[in-house]
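Letters A, B, ... mirror the listed sequences (proteins, then strands); counts begin at 1. No hydrogens, no waters, no symmetry mates; every other heavy atom, side chains included, goes into these values.
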Amino acid sequence: MNLWLLFFEFFKIGLFSVGGGLATLPFLNKLVEKYDWFTSGDLANIIAVSESTPGPLGINMASYTGFTGAGIMGGIIATVGIVLPSYLVILIIASMLQKFNENRYVQTAFAGLRSSVVGLISAAVLGIMELSFIQSGGSGLLELFNWKAIAAFLVLVLLRFRFQKAHPIILIVIGAVVGMAVGGF
Amino acid sequence: MKEYFDLFLTFARIGGFTFGGGYAMLPMMQRELVEKKQWTTNEELLNYYAVGQCTPGIIAVNTATFVGSKRKGILGAAFATLGMVTPSVIIIMLIASFLKNFADYPVVQNAFSGIRIAVCATILVSIWNLWKKSVKKPLDYIFCIVAFLLSAFTPISPVWIVLLAAAGGIFTNLKKEDNKE
C-alpha cells in the first residue's frame with residue numbers, strides 16, 4: 001500500500017472533520033468504498049476497540065485503521081496525517097484566539113456545520129448497521145432482516161439510554177458475551 | 001529541554017488515562033493543567049474547547065496544541081500534541097496486532113458479531129445526544145437532513161458536504177442578520 005496515499009487521505013480527514021472524533025466516521029466510511037485497506041466489518045470492530053481504550057476516539061480510530069491497512073508504519077502515518085492539519089490551524093489561531101472566537105463568519109459557518117455533522121454521522125452508521133441487520137441472499141421480509149440481531153440491538157439501545165453515564169465498554173462487553181452465548185448473530 | 005519533556009509527559013498522562021474522548025478529558029485537563037501545573041486557567045481551557053469544536057481535527061488534540069504553543073511556541077505545541085497521541089497509538093497497535101492473531105477463531109468472530117451490534121447502539125445514543133444539542137431551529141433540521149441524504153444516497157464526498165454546510169451556514173445566518181438590521 002502506498003504510504004503517501006494513506007498520509008494524504010488522513011490529512012484530508014484531519015482537515016475536514018469538524019466536531020470531535022465521531023465526525024471522522026463518515027470519512028472512514030468513504031475510505032471503505034474507495035480502497036481495500038479495510039472493510040465495513042473492520043470499521044465496526046475498530047470503533048468498538050477505540051471506544052474501549054484510553055485516548056481521543058478520533059486518534060484511536062486513525063491509528064487502528066492505518067495499522068489494519070499498512071502495519072505499524074501505517075498506524076503512525078495515519079495518526080500524523082490526521083493530527084497535522086489541526087496542529088497547523090491551531091498554531092495560526094493561537095495568536096488571535098479572541099478575534100477568531102468572535103468572528104461572525106466563523107460563528108455562522110459553525111452554525112451550519114454543527115447540525116450537518118449529525119446528518120453525516122447518521123449516514124455513516126447506516127453502513128455499519130446494514131452489515132449486522134441485513135442478511136445477504138435472503139428474500140422476503142422474514143429472511144431479509146436478521147431479527148435476532150435487531151432484537152439484541154433494541155435491548156442494548158434501551159440499556160444505553162437507561163445508563164447513559166456508564167462507560168460504553170460495559171455495553172461492548174455485554175455485546176461480546178451475548179454474541180458468544182448465542183453462537184454469533 | 002526539561003519543560004518540553006514535561007509538556008510531553010503531562011499530555012501523555014492525560015491521553016493515556018482518560019477514556020471516552022474529548023469531553024470526558026475536560027475534568028482531567030482541569031486537574032492536570034489548571035490545578036497542578038498552572039499552565040492555563042479554567043476560562044482559557046473552556047475557550048480552547050470552544051475553538052476546538054469549530055476548527056478541524058480532534059478536540060483533545062487541538063487543546064494540547066493550544067496549551068503547548070502558549071507555553072513554548074511551535075516546538076512546545078509539537079511536544080504536547082505528540083504526548084497526547086502517543087499512548088493511543090501504542091495501545092491501539094498492541095491490541096490490533098493481538099486481535100489480528102485471534103480473528104479467525106469462531107469464538108472471537110461470534111463475540112465481534114455481538115460487539116458490532118453494541119457499537120451501533122452506543123453510536124445511536126451518541127447521535128441522539130448530538131441531535132438534541134445541535135439541531136434546534138427549523139434551519140438546523142434542513143441542514144441535518146440534507147447532509148444525511150447527500151451522504152447516504154449520493155457518492156458525494158463528505159469533504160464537499162462539510163464545505164457546503166459551512167457556506168450554507170454563513171449565507172443563511174448573515175442574511176438573517178442583514179434582515180434584522
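Interatomic distance, A:Leu113 CG to B:Phe143 CZ, rounded to the nearest 0.5 Å: 9.0 Å. Note that the CG atom of A:Leu57 and the CD1 atom of B:Ile59 stand 11.0 Å from one another [nearest 0.5 Å]. Note that CG of B:Leu124 is 11.0 Å distant from CZ of A:Arg160, once rounded to the nearest 0.5 Å. Taking OG1 of B:Thr81 as the reference point, atom CD1 of A:Ile90 lies at 9.0 Å (rounded to 0.5 Å). Here the straight-line distance linking atom OG of B:Ser157 with atom CZ of A:Phe16 works out to 8.0 Å at 0.5 Å rounding. With values rounded to the nearest 0.5 angstrom, A:Ile172 atom CD1 is found 7.0 Å from B:Ile115 atom CD1.
With a 4.5 Å cut-off on non-hydrogen atoms, A:Lys12 touches chain B through its side chain but not through its backbone. Heavy-atom distances place the side chain of A:Leu22, and not its backbone, under 4.5 Å from chain B. Residue A:Pro85 does not touch chain B at all, counting heavy-atom pairs closer than 4.5 Å. At a 4.5 Å heavy-atom cutoff, A:Ser95 makes no contact with chain B through either its backbone or its side chain. Of the two parts of A:Ser122, the backbone and the side chain both hold a non-hydrogen atom closer than 4.5 Å to a non-hydrogen atom of chain B. Residue A:Glu33 does not touch chain B at all, counting heavy-atom pairs closer than 4.5 Å. In this structure, no portion of A:Leu159 lies under 4.5 Å from any heavy atom of chain B.
Tracing side-chain contacts under 4.5 Å through hydrophobic residues (I, L, V, M, F, W, Y), one never reaches A:Leu158 starting from B:Ile123; they form parts of separate clusters. Hydrophobic clustering, with ILVMFWY side chains joined whenever heavy atoms are under 4.5 angstrom apart, keeps B:Leu130 apart from A:Leu126.
At most 12 non-hydrogen atoms from other residues, nucleotides or ligands lie less than 6.0 angstrom from CG of A:Asp36. For B:Trp128, the CH2 atom counts as loosely surrounded, since its 6.0 Å shell holds 12 or fewer non-hydrogen atoms of other residues, nucleotides or ligands. More than 12 heavy atoms of other residues, nucleotides or ligands shown are found within 6.0 angstrom of CZ on A:Phe161.
Per-residue counts of heavy-atom pairs under 4.5 Å with chain A were compared for B:Ala118, B:Ala147, B:Ala152, B:Cys144; the largest is that of B:Cys144.
Using a 4.5 Å heavy-atom cutoff, the side chains of B:Asn173 and A:Arg104 are not in contact. Residues B:Thr122 and A:Ile47 are not in side-chain contact: their nearest non-hydrogen atoms beyond the backbone lie 4.5 Å or more apart. Between A:Thr53 and B:Ile95, some side-chain heavy-atom pair lies under the 4.5 Å cut-off.
Identified by a heavy-atom distance below 4.5 Å to chain B, the contributing residues of residues 177-185 of chain A are A:Gly179, A:Met180, A:Gly183, A:Gly184, A:Phe185, in residue-number order.
Applying the side-chain contact (heavy atoms from CB on, under 4.5 Å) test to B:Val108 and every residue at least two apart in sequence or in another chain returns B:Phe102, B:Tyr105, B:Phe112. Every ring-ring contact (aromatic ring centres under 6.0 Å, His included) that B:Phe79 has, sequence neighbours left out, goes to B:Tyr4.
Results of the side-chain contact (heavy atoms from CB on, under 4.5 Å) test with B:Val61 over A:Thr79, A:Ile82, A:Val83 single out A:Val83 as the only residue that passes.
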Step-by-step side-chain contact (heavy atoms from CB on, under 4.5 Å) determination, B:Ile58 to A:Ser86
CA-CA 8 Å; B:Ile58 284 99; A:Ser86 61; over 6 Å; no
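Applying the salt bridge (Lys or Arg N to Asp or Glu O under 4.0 Å) test to pairs two or more places apart or on separate chains, none has a residue in residues 119-144 of chain B.
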